[in-house]
Amino acid sequence: MSIEYVVVSEGEQDEPIELPTEEDGSLLLSTISAQFVGASGLKYRAGGRLRGLRLTEDRVLPPAEGWGAHRYFCAFPRVDIPTATTRPRCSDLIVLGLPWKTGEETVREYFSTFGDLLMVQVKRDTKTGLSKGFGFIKFAEYDAQLRALGRRHMIDGRWCDVRIPNSKDGSSAAHRKVFVGRCTESLTADDLREYFGAFGQVTDVFVPKPFRAFSFVTFLDPEVAQSLCGQDHVIKGVSVNISTASPKREHSGRSQLLGWSLLEGAAPRVYSWPPDAWQHSAHSAHSAHSHSTAPPDAKPYLKYE
DNA sequence: GTTGAGCGTT
């Protein structure tokens, strides 16, 4: 069969373009997508009805009787159906805090309850073969990854954390993490996880021990983390301040002075959620203010008046 | 008392 031209348009009403076929009479999908980005196939009218063309891996095959004089137009994938390129992909996950005795079999057995595993490693000293107390796993399904992140894991009698590793930037923790300042000792990691869980899935909470007046909260979704920055929130009666988490190493005198002075003019956004959650526990004399039944942004809670 | 523990021999 020799090369011929097939008349193709994007939609039935659009201007057609002639596309060259291959020697075997087929039309390469790449030839089609060069003109119609995102097209996944071709169809045509046959006796008033739509008829689809057979598709192999990389090419569209002509109708049984040949291309003929038909006018073809493109089929497009439904945008709301996740495809391989659209669906979030699993990343390697680091498992921190493994007991020294725990080996791959135990790790695999434990995490298999979340979903199929593509990889399990326990890192060991090359000389002694002793576990370094951490390892890596990878799930086949993103849902399983979501389920495993965002909670702690009791493995061989020890609490372990699952996180997205530092090295593989791209979904790095940097933009997903917020700094929570002005914490009091009464705020536990569980308190913070529960409170911030209402804004989006929390994948990690860090509360320094011994006590320091701050914490870190990491979200799965960077947009959630970024949206909270700059706000004050009231958690169990404690007014905390949320800001961006600066990278661990580079600290040198946070050159935020300019940013802070610029922000001062704007009214602070102050939230308390859930509205009455903290009223049932011990709280300060300032609780007399009945701010807490107001919608989140209706009335700021001013700790110092 | 407002910036964190630990991160991958191939």
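Computation of the quantities below employed the complete heavy-atom set of this structure, encompassing side-chain atoms and omitting hydrogens, waters and symmetry-equivalent molecules. Below, read A as the first sequence line, B as the second, and so on, with proteins coming before strands; counting in each chain starts at 1.
- Residue Phe179(A) places its side chain closer to dT2(B) than to any other of dG6(B), dT2(B), dG1(B).
- Ser26(A) and Asp24(A) share a donor-acceptor pair across their side chains, judged by distance under 3.5 Å alone.
- Across all strands shown, Gly135(A) has no heavy atoms under 4.0 Å from either base or sugar-phosphate atoms.
- Taken from CD in Glu141(A) to CZ in Arg147(A), the straight-line distance is 9.0 Å, to the nearest 0.5 Å.
- When atom types are taken as modelled, the side chain of His153(A) and the backbone of Ala148(A) share a donor-acceptor pair closer than 3.5 angstrom.
- Using a 4.0 Å heavy-atom cutoff across all strands shown, Phe214(A) reaches sugar-phosphate atoms only and no base atom.
- Among the atoms of the strands shown, none is found under 4.0 Å from any heavy atom of Asp204(A).
- Comparing dG8(B), dT9(B), dT3(B) by their closest approach to the side chain of Ser246(A) singles out dT3(B).
- Considering only side-chain atoms of Arg158(A), the nucleotide from dG6(B), dC7(B), dT3(B) that sits closest is dG6(B).
- Backbone-only engagement by Arg212(A) is indicated by non-hydrogen atom pairs under 4.0 Å involving sugar-phosphate atoms exclusively.
- Applying the 4.0 Å criterion to OP1 and OP2 of dG8(B), one finds that Lys132(A) has every side-chain N and O outside that range.
- The base of dG6(B) lies close enough to the side chain of Arg163(A) for a donor and an acceptor atom to sit less than 3.5 Å apart.
- Side-chain rings of Phe73(A) and Tyr44(A) stay apart, their centers remaining 6.0 Å or farther from each other.
- If Gly97(A) and Thr126(A) are placed on DNA chain B by their nearest nucleotide, the residue sitting closer to the 5' end is Gly97(A).
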